[in-house]
Amino acid sequence: MKKYNFYAGPSILSPFAIGETAKAVENFAGTGLSILEISHRSKEFQAVIDEANALVKELLEVPEGYEVLFLGGGASLQFYMMPLNLLKKKASYVDTGTWAHNAIGQAKLVGEVEVVASSADKNYSYLPKGFKVSADSDYFHYTSNNTIYGTETLETPEVGVPLVCDMSSDFMSHPVDVSKYACIYAGAQKNVGPAGVTIVIVKTDLLTKEGLPTMLDYKTHVKKGSMFNTPPCLPIFTCLQTLKWYKELGGLKVMEQRAKEKADLLYGEIDRNKLFKGTVAKEDRSRMNVCFVMNDGYEALNNEFFEFAKSKGMVGIKGHRSVGGFRASLYNAMPLEGVQALVACMQEFEAMH
Ligand code: PLP
């Protein structure tokens with residue numbers, strides 16, 4: 001039976017990225033050695049990181065004055081590392097979920113933090129709007145896609161100060177005007193590669209703080225092209241394959257179209273099917289993580305649907321414990337066919353009840 005991977009992260013990768021990685025594990029770039037055992041200082045690996053860097057810049061149309069870094073430590077390290085580098089006096093944050101909340105906590109260890117709004121009052125089921133950001137903030141930080149709760153900010157916020165964004169779970173799913181940002185960071189393990197590498201895009205003229213710990217100083221990694229120390233070679237190699245695949249398919253506008261088509265199909269079924277309902281405000285629905293629960297009166301069918309869907313090849317649709325129900329993650333590598341299979345499954349289950 002064909003399986004469809006709806007995990008929230010680590011998550012589905014394209015057959016191309018997995019196939020090329022498998023080949024490189026056996027024999028990398030014709031060296032007769034595995035990518036797992038070759039020096040990061042070899043010319044063959046240098047070519048990998050250079051091409052990955054260039055493709056991030058090309059796909060996102062990164063303007064002059066920014067650098068792309070490939071770092072370890074996950075997006076969670078960036079919750080601290082980014083403010084350590086960019087928070088000079090004060091920073092503003094919006095609290096839209098667990099990850100935003102964690103980012104706020106870490107920034108407070110560095111300096112003054114203004115929390116402009118929060119949707120914690122309704123279990124993060126909507127995105128706060130109409131808030132004001134202090135004009136003297138170094139930056140405004142937001143989480144573009146709230147992986148756990150299934151809300152997403154698709155429009156670039158206009159708040160009068162430079163933006164910083166945790167784009168971990170919708171990175172590369174649509175074009176972004178990078179010039180509006182001081183920094184963008186994203187753990188690779190949702191839309192780009194396996195766990196182990198985080199992509200950071202930073203405006204280099206903002207890196208003026210001195211005396212930071214070497215490994216936590218963006219300047220270190222800018223100067224050394226992400227090779228101050230041994231980088232996560234294999235994850236970077238797989239990221240490169242995904243980036244090549246995105247380019248081959250036509251870039252981020254195509255990713256956006258695909259994401260929209262898949263999300264519309266699944267939300268359409270959630271709204272139509274009497275057994276299910278969505279969990280977040282409709283205007284804030286995420287294209288990447290679609291959260292839904294059993295409708296009022298059908299709550300008792302929760303586990304039965306989970307088992308039924310599993311028997312039909314749907315993997316990883318259990319909702320996060322803070323929301324319950326189901327979460328179908330529709331990252332770039334999920335084919336439309338996977339969403340059609342899930343919808344068919346929901347319809348069949350409806351017919352049974
Ligand atoms: N930010 C977002 C939006 C996430 O979804 C996650 C993990 O799921 C994180 C941050 C934390 O990432 P990491 O596990 O790479 O530290």
Side-chain angles (χ1 to χ4, degrees), residues 5-13 69-84 91 93-107 109 118-120 123-128 139-154 157 163-174 176 181 183-201 215-216 221 226 231-232 234-236 238-239 242 259 279-280 284-291 316-323 327-334:
N5 178 359
F6 292 96
Y7 277 124
S11 42
I12 187 168
L13 288 169
L69 307 175
F70 296 89
L71 305 178
S76 298
L77 178 63
Q78 296 310 312
F79 294 162
Y80 182 70
M81 185 170 176
M82 182 281 296
L84 191 67
Y93 280 69
V94 61
D95 174 25
T96 54
T98 305
W99 302 114
H101 182 81
N102 289 358
I104 291 166
Q106 293 297 295
L109 300 175
S118 170
S119 50
N123 199 29
Y124 298 117
S125 60
Y126 68 100
L127 293 172
Y139 61 81
F140 168 67
H141 178 283
Y142 71 107
T143 311
S144 52
N145 185 69
N146 297 284
T147 324
I148 293 175
Y149 301 91
T151 57
E152 185 176 18
T153 303
L154 288 163
L163 304 171
V164 172
C165 187
D166 173 2
M167 273 187 204
S168 293
S169 51
D170 64 352
F171 190 59
M172 297 264 171
S173 68
H174 60 85
V176 169
Y181 294 81
C183 180
I184 291 169
Y185 60 91
Q189 69 271 21
K190 288 128 189 351
N191 249 341
V192 197
V197 63
T198 303
I199 297 173
V200 176
I201 303 171
M215 278 298 287
L216 298 182
H221 304 287
S226 303
L234 181 74
I236 293 171
T238 307
C239 287
T242 302
T279 57
V280 303
D284 299 328
R285 283 173 162 180
S286 165
R287 290 177 186 157
M288 296 288 106
N289 309 102
V290 176
C291 295
I317 64 162
K318 199 180 180 103
H320 189 274
R321 62 190 173 280
S322 23
V323 179
R327 170 175 56 174
S329 296
L330 313 182
Y331 298 122
N332 290 351
M334 170 60 67

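Start at 1 and go down the list; that is how both ligands and their atoms are numbered. Predicted, not measured: the structure shown is a model, and the values here were computed from it.
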Member of Thr279, Asn146, Ile148 meeting the side chain to side chain contact (heavy atoms under 4.5 Å, CB included) criterion with Cys291 | Thr279
For ligand 1, which part of Asn146 has a heavy atom less than 4.0 Å away: the side chain, the backbone, both, or neither?
-> neither
Among side-chain atoms of Tyr139 and Tyr93, is any donor-acceptor pair under 3.5 angstrom?
-> yes
For atom 1 (N) of ligand 1, the closest protein heavy atom turns out to be Asp166 OD2, 2.6 Å
Of the protein's non-hydrogen atoms, which lies at the shortest distance from atom 12 (O) of ligand 1, and what is that distance?
-> Ala75 CB, 3.5 Å
Identify, by atom number and element, the atoms of ligand 1 in contact range of Thr147, meaning under 4.0 Å from any of its heavy atoms.
-> 2 (C), 3 (C), 4 (C), 5 (O)
Tyr185 and ligand 1 - part of the residue with a heavy-atom distance under 4.0 Å = neither
Quick one: does Gly187 get within less than 4.0 Å of ligand 1, heavy atoms only?
-> no
Which residue holds the protein heavy atom closest to atom 16 (O) of ligand 1, what is that atom called, and what is the gap in Å?
-> Ser76 OG, 2.6 Å
Steps toward side-chain contact (heavy atoms from CB on, under 4.5 Å) verdict (Val323, Tyr124) | CA-CA 9 Å; Val323 179; Tyr124 298 117; over 6 Å; no
Interfacing atoms of ligand 1 (cut-off 4.0 Å, heavy-atom, Gly74) | 15 (O), 16 (O)
Atoms of ligand 1, numbered as shown, that sit under 4.0 Å from any heavy atom of Phe79 | 10 (C)
Kindly confirm or rule out an N or O of Thr143 lying under 3.5 angstrom from an N or O of ligand 1.
-> no
For Tyr185 and Asp166, what are the C-alpha separation, side-chain angles and deciding distance, and is it a side-chain contact (heavy atoms from CB on, under 4.5 Å)?
-> CA-CA 5 Å; Tyr185 60 91; Asp166 173 2; 3.5 Å; yes
Between Tyr331 and Asn289, do the side chains contain an N or O donor and an N or O acceptor separated by less than 3.5 Å?
-> yes
Polar side chain donor-acceptor pair, Asp284 to Thr151, under 3.5 angstrom = no
Please determine, by modelled atom types, if Thr98 and Tyr149 share a side-chain donor-acceptor pair under 3.5 angstrom.
-> yes
Of all heavy-atom pairs between Phe70 and Ser226, which one has the smallest distance, and what is that distance?
-> N-OG, 2.9 Å
Which residue owns the protein heavy atom closest to atom 6 (C) of ligand 1, what's the atom, and how far is it?
-> Trp99 CE2, 3.4 Å
Quick one: does Leu77 get within less than 4.0 Å of ligand 1, heavy atoms only?
-> no
Nearest heavy atom to atom 15 (O) of ligand 1 wins, so pick from Met167, Lys190, Met288, Gln189.
-> Gln189
At a 4.0 Å threshold, what atoms of ligand 1 neighbour a non-hydrogen atom of Asn145?
-> 3 (C)
Residue His320 excluded, over 12 heavy atoms near NE2 under 6.0 Å | yes
